[in-house]
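Chain naming here is simple, since letters A, B, ... match the order of the sequence lines and numbering starts at 1 in each.
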Number of protein chains: 2
Amino acid sequence: MPFAPPVQGSPWLDPQDRSRLRARKREAVILAAARAFRDRGYHHTSLDEIAAGLGITKPTIYALFDGKEDLLFECFLAGVEPLRAAFREVETRGASGRERLLSVAHRYAVAITGEFGWVMVRVEGEDLSPAMSARIKSLKSEIDQGLRSLIRKGIADGSIAPCDPKMTAFALAGALNWIAFWHRSESSPAAGALDPKTLAARLLQVFESGLEPR
Amino acid sequence: MPFAPPVQGSPWLDPQDRSRLRARKREAVILAAARAFRDRGYHHTSLDEIAAGLGITKPTIYALFDGKEDLLFECFLAGVEPLRAAFREVETRGASGRERLLSVAHRYAVAITGEFGWVMVRVEGEDLSPAMSARIKSLKSEIDQGLRSLIRKGIADGSIAPCDPKMTAFALAGALNWIAFWHRSESSPAAGALDPKTLAARLLQVFESGLEPR
DNA sequence: ATCAGTCTTTACTCATGAGTAAAGTCCCGG
DNA sequence: CCGGGACTTTACTCATGAGTAAAGACTGAT
């Protein structure tokens, strides 16, 4: 009977469990990829290496993702999500522009020190097809516009000194993104390793006073 | 006569002109490579492309450089030199730590907007052999230590508010280096293109007031 | 004209790694 | 104990691009 009844009930394992399992596999691959990209760089990491690290083989990755680029994109998404969440959360608060901006910046900093910080910051359009590149650009731009908007609000409500919102957003984003370049190599070996929250607070100190009207 | 007299006077063209010509050729290749790396990324630029852009062929590049990596390193050197110069120049001045730091930062920003800014910021150890990587790390560390040292001097002479010199140096370096990521793609098309000096001034405004003791 | 030396090109080699096809393997229901 | 389906692996193909060897071309001195 080739034409099985196309009802929802599938055999042995129900579809829910199947897709859950698949999602877990995808997450494991994404995490392994993010670590490998961070440690060895995107171009110096082969899918064979990632697979080997998980005890599987390359075609299994292809069963879960469209290709290396797709995998990179998923890593990127995992990295931006906390940043978008930080903006969403602060949206509902009634604090001043300055307080909201600094709250976002703090969470931003902590996110960058995480597993996906490197990929998120360092993925550039050059590495991707035009379509993917456009999607990433759009997400990055959303973050940038969010920072500018909070700066503008802060200027408007008097909590931030008058400044060029675009340039100031770039300065702040740069200071935060740069964490991805030095954090791992600096903090791992020595005892002087700062925990992410302290790191964020000290890094942002210059912005805290620099944004304040005098 | 296989054994020509090993005196300094070489035939037809004297050695001075030869080496001058060679140096000019090297510079032309370095500049073309820096532009190509910036526009298409290091890994997506082949030596064939660079050569074609100059109207020559790949083996000619090999006559002037040891390989792609060597070429990348030379681009990096061309990029850091202005930064080192900025530190050297400010060394001899008697100004306060804060003034000296801001002077260096200003020149730093302008340098990053230049042709070699991208390569200097984005060259990472991953792309290079361990030996090259170590040389680059050392040069980058020199810049970083220079910033920290000026910050410490500023704190000592009272021109900079007490802060964590290491974190503050990272914040400043991040804001400056980040220029390389957005400058070209942003500024080229529109009429809103800031000239480097104005850009530097507006970007650094938040640091100018943020470093000041209150 | 010819020769020697320097520089440049044509025409390769060779390693790497993304992507794929086809053959297993495992698990459960009958 | 047989069959079918989801998943995984072995064993490829194929494009790219770094690096090189050997032949050619230009130069100016004799």
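- A:Ser149 places no side-chain N or O within donor-acceptor distance of the main-chain N or O of A:Gln145, the cut-off being under 3.5 Å.
- For the pair B:Arg20 CZ and C:dC7 C1', the interatomic distance rounds to 20 Å; values are reported in whole Å.
- Between A:Trp182 and B:Phe170, the ring planes lie parallel to each other; the angle is under 30°, not in the 30° to 60° tilted range.
- Protein atom CD1 of A:Ile61 is 10 Å distant from nucleotide atom P of D:dT9, rounded to whole Å.
- One atom, CD1 of B:Ile56, and another, C1' of D:dC26, lie 17 Å apart when rounded to the nearest Å.
- Following rounding to the nearest Å, A:Lys25 (NZ) and D:dT8 (C1') show an atom-to-atom distance of 9 Å.
- What separates CD of B:Glu69 from P of D:dG17 is a distance of 18 Å, to the nearest Å.
- Taking only side-chain atoms of B:Thr57, from C-beta outward, the nucleotide of D:dT9, C:dT10, C:dA18 with the closest atom is C:dT10.
- Out of C:dA18, D:dT20, D:dC7, the shortest distance to the side chain of A:Leu47 is found at C:dA18.
- A donor-acceptor pair under 3.5 Å is absent between the side-chain atoms of B:Glu208 and the main chain of B:Leu102, judged by distance alone.
- Distance CG (A:Asp48) to P (C:dG17): 8 Å, rounded to an integer number of Å.
- B:Thr60 comes within 4.0 angstrom of a base, heavy atoms only.
- D:dA18 atom P lies 13 Å from atom NE2 of A:His43, rounded to whole Å.
- Rounded to whole Å, the distance from CG on B:Asp66 to C1' on D:dG19 is 12 Å.
- The closest donor-acceptor contact from the side chain of B:Ser141 to the backbone of B:Lys137 lies at 3.5 Å or more, if one exists at all.
- Distances from the side chain of A:Pro59 to the nucleotides C:dA18, C:dT9, D:dT10 place D:dT10 closest.
- Close to C:dT10, at under 4.0 Å from its OP1 or OP2, lies no side-chain N or O of B:Lys58.
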